[in-house]
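Taking it in order: structure first as structure tokens, then the write-up.
First the proteins, then the strands, lettered A, B, ... as listed; each starts at 1.
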Amino acid sequence: MFDLKAIRDNPQEFDANWGRRGLPPQTPDILKLDGERRALQTELQELQAQRNEKSKQIGEIKKAGGDAQKVMDEVTAMKNRMTELEERERTIAESLNQHLAGLPNMLAGDVPEGKDESGNVEVRKWGEPRTDKVPEHFDIGEALGLMDFDTAAKMSGSRFTILSGGLARLERALAQFFLDTHTGEHGYTEVSPPLMVKDNALFGTGQLPKFDNGFQTTTDHYLIPTSEVPLTNMVAESIVGAETLPRRYTAFTPCFRSEAGAAGKDTRGMIRQHQFYKVEMVSITKPEESKAEHERMTGCAETVLKKLGLPYRTVVLCAGDTGFGGTKTYDIEVWLPGQQRYREISSCSNCGDFQARRMNARFKDADGKNTFVHTLNGSGVAVGRALIAVMENYYDPKDGGITVPDVLKPYMGGVGKIQKP
RNA sequence: GGUGACGUGGCCGAGAGGCUGAAGGCGGCGGUUUGCUAAACCGUUAUACGCUUGUAAAGGCGUAUCGAGGGUUCGAAUCCCUCCGUCACCGCCA
């Protein structure tokens, strides 16, 4: 969310920033509502002060044994006006909040301009992309008999997959490897969080109210679309000690998405599923540390790809492509030889104090002042897509098998190659 | 799922319609004492918002906040309702 005072002081700055995302000026509406609200508030507070004063008098008169009826009638007479002001104040505050809750975060100054994906800028590239003709992962998997979309569709519909044997184990091996690397080498604390959350948790991280169509739900919960939600909400509604920052959390969880609006996109294979596994990283930092943490986190995600020997490139998202909560986002795209192109496997965002404001997450700074923390999240990395990448990059055309990358061998019980059983 | 109890400041814990932003304690901060440390003693110590003084740093006044939201009342931490959460016992269960 936003600091109304800052908007009041610098409306043109906010409008310019939102303008980079392609939004029309927002502050005229905001300032109008804010002004109305404050005027009502001032008037209401004056009445409340009078009421409190008179009520005090009544108490004193009664204690002295007098008749307070006259003053009591005076207060009663004020009530209609007060009720009216209260209601109007509430209505205006509500529409103001609704308006603010739907607006995306301020972009960092070094985010490149651009309307969409095409404006993203490559910042790094690693590895030698494999250029020989390789089948796509679904063909490799089905040929091995270890990946079954048809059977999954019978029980669950489209966008579900059944993995078995070596591929099921490869998925688990990847997750273990990611977790062990982030906990053992990158200083993250492993967390096993709830997979179902209430709406306020999704509001805190910014997925609600704006995007209320992307979720799988139960009767009274949302299934997490990413463990960014529970991990970031670990500091919601709290004041954490400065000495505990930065906090670094990682979790391996399933993620659930409705993929509404993705009709026709990536319909084949397991690139885009209703359910997939992801290892997520979340950092909670002091404001002055978040930029460096963002670079560090992106590096942590890149590290696991390097260890796996998967070629990738890192792009900084342009203004128009940066997500709702991010001030700046790096996407890491892994090389998929089956498609002969780079596909997103990780997204690392610095959210600044945006989520912290929404979930009221603060720390005591050096002056003893309660200050909003900064939050960051990044995939470290998407397990399903990593599985695809390993399959295609380590595909052996001689026998249709998949060579197991060295770093995964310990997690595969020493198996060196996944072959048709 | 059933029944019962409970939710008060950074923490513990009193208060049971007005004198309560809230006793007392712990913790924090400042000070006195002190060779150093400890102890003791004194003082201080919530947040948000509005109005206002000031170039500012910082003040003054007011409003709201005792899990959240409604209600009753001239007046609510205190009474009533709904929701959220915690605990205990019972049931069920991986």
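- When Watson-Crick and G-U wobble pairs are counted only if both distances are under 3.5 Å, B:U73 pairs with no nucleotide at all.
- When both pairing distances are held under 3.5 Å, B:C19 makes no Watson-Crick or G-U pair with any nucleotide shown.
- Nucleotide B:U73 holds its C1' atom 15 Å from the CG atom of A:Asn80, rounded to whole Å.
- Applying the Watson-Crick and G-U wobble criteria (two distances, each under 3.5 Å), B:G35 pairs with nothing in any strand.
- Counting any heavy atom pair closer than 4.0 Å across all strands shown, A:Arg357 reaches no nucleic acid atom.
- Rounded to a whole angstrom, the distance from the P atom of B:A48 to that of B:U55 is 25 Å.
- Which of B:C74, B:G70, B:C51 sits closest to the side chain of A:Arg90 comes down to B:G70.
- Here, B:A57 and B:A68 have their P atoms 32 Å apart, quoted to the whole Å.
- In this entry the distance linking CG of A:Leu4 with C1' of B:G50 reads 13 Å, nearest Å.
- Nucleotides of RNA chain B nearest to A:Lys5 and A:Ser55 differ in position, and the one nearer the 5' end is that of A:Ser55.
- B:G24 and B:A14 have their P atoms separated by 15 Å, with the value rounded to a whole Å.
- Within the structure, a side-chain polar atom (N or O) of A:Lys198 is placed less than 4.0 Å from OP1 or OP2 of B:G85.
- For A:Ala49 and A:Arg362, each mapped to the nucleotide of RNA chain B holding its nearest heavy atom, the one lying further toward the 5' end belongs to A:Arg362.
- Note on A:Lys32 versus A:Glu36: salt bridge recorded, some NZ/NE/NH1/NH2 to OD/OE distance being below 4.0 Å.
- In this structure, B:C92 makes no Watson-Crick or G-U wobble pair, since no nucleotide meets both defining distances under 3.5 angstrom.
- A gap of 14 Å separates the C1' atoms of B:G21 and B:A76, to the nearest Å.
- Comparing B:C51, B:U63, B:G18 by their closest approach to the side chain of A:Gln48 singles out B:U63.
- By the 4.0 Å N-to-carboxylate-O rule, A:Glu84 lies close enough to A:Arg81 to be salt-bridged with it.
- To the nearest angstrom, P of B:A68 lies 18 Å from CZ of A:Phe203.
- OP1 or OP2 of B:G50 sits under 4.0 Å from a side-chain N or O of A:Arg8.
- The pair A:Lys70-A:Glu74 counts as a salt bridge, with a side-chain nitrogen and a carboxylate oxygen less than 4.0 angstrom apart.
- Taking the six-membered ring for Trp and thresholds of 30 and 60 degrees, A:His186 and A:His182 have ring planes inclined between 30 and 60 degrees apart.
- Rounded to whole angstrom, the span from the CG atom of A:Asn97 across to the C1' atom of B:A48 amounts to 13 Å.
- Within the structure, every side-chain polar atom (N or O) of A:Arg51 is placed at least 4.0 Å from both OP1 and OP2 of B:G62.
- When rounded to the nearest whole Å, the span between CG of A:Leu40 and P of B:A64 equals 16 Å.
- Proximity of A:Lys56 to the phosphate of B:U20: no side-chain N or O atom is located under 4.0 Å from OP1 or OP2.
- Straight-line distance from the CG atom of A:Leu47 to the C1' atom of B:C74: 14 Å, rounded to whole Å.
- Note: CG (A:Leu85) to P (B:A64) measures 14 Å, nearest angstrom.
- Of the P atoms belonging to B:G62 and B:C26, the separation is 32 Å, rounded to the nearest Å.
- Look at the P atom in both B:U53 and B:U37: the space between them is 48 Å, to the nearest Å.
- Between A:Arg343 and A:Glu392, none of the side-chain N atoms (NZ, or NE/NH1/NH2) sits under 4.0 Å from a carboxylate O, so this pair counts as no salt bridge.
- Rounded to an integer number of Å, the gap from A:Glu237 CD to B:G9 P is 14 Å.
- Using the Watson-Crick or G-U wobble rule with both distances under 3.5 Å, B:C49 pairs with B:G62.
- Summarising the base pairing, B:U44 is matched to B:G28 through a Watson-Crick or G-U wobble pair whose two defining distances lie under 3.5 Å.
- Look at the P atom in both B:G25 and B:U45: the space between them is 15 Å, to the nearest Å.
- Nucleotides B:G1 and B:C80 have their C1' atoms positioned 27 Å apart, rounded to a whole Å.
- Using a cutoff of 4.0 Å between basic side-chain nitrogens and carboxylate oxygens, A:Arg38 and A:Asp34 are scored as salt-bridged.
- Distances shorter than 4.0 Å separate some side-chain N or O of A:Asn52 from OP1 or OP2 on B:U63.
- Under the Watson-Crick or G-U wobble criterion, with both distances below 3.5 Å, B:A56 has no partner in any strand shown.
- Looking at the side chain of A:Thr76, the nearest of the listed nucleotides B:C74, B:C49, B:C51 is B:C74.
- The residues A:Glu259 and A:Arg272 are annotated as salt-bridged, a charged nitrogen and a carboxylate oxygen being separated by less than 4.0 angstrom.
- Across all strands shown, B:U82 forms a Watson-Crick or G-U wobble pair, both distances under 3.5 Å, with B:A68.
- Among A:His294, A:Arg296, A:Glu293, the single residue meeting the side-chain hydrogen bond (donor to acceptor under 3.5 Å, both in side chains) criterion with A:Ser283 is A:Glu293.
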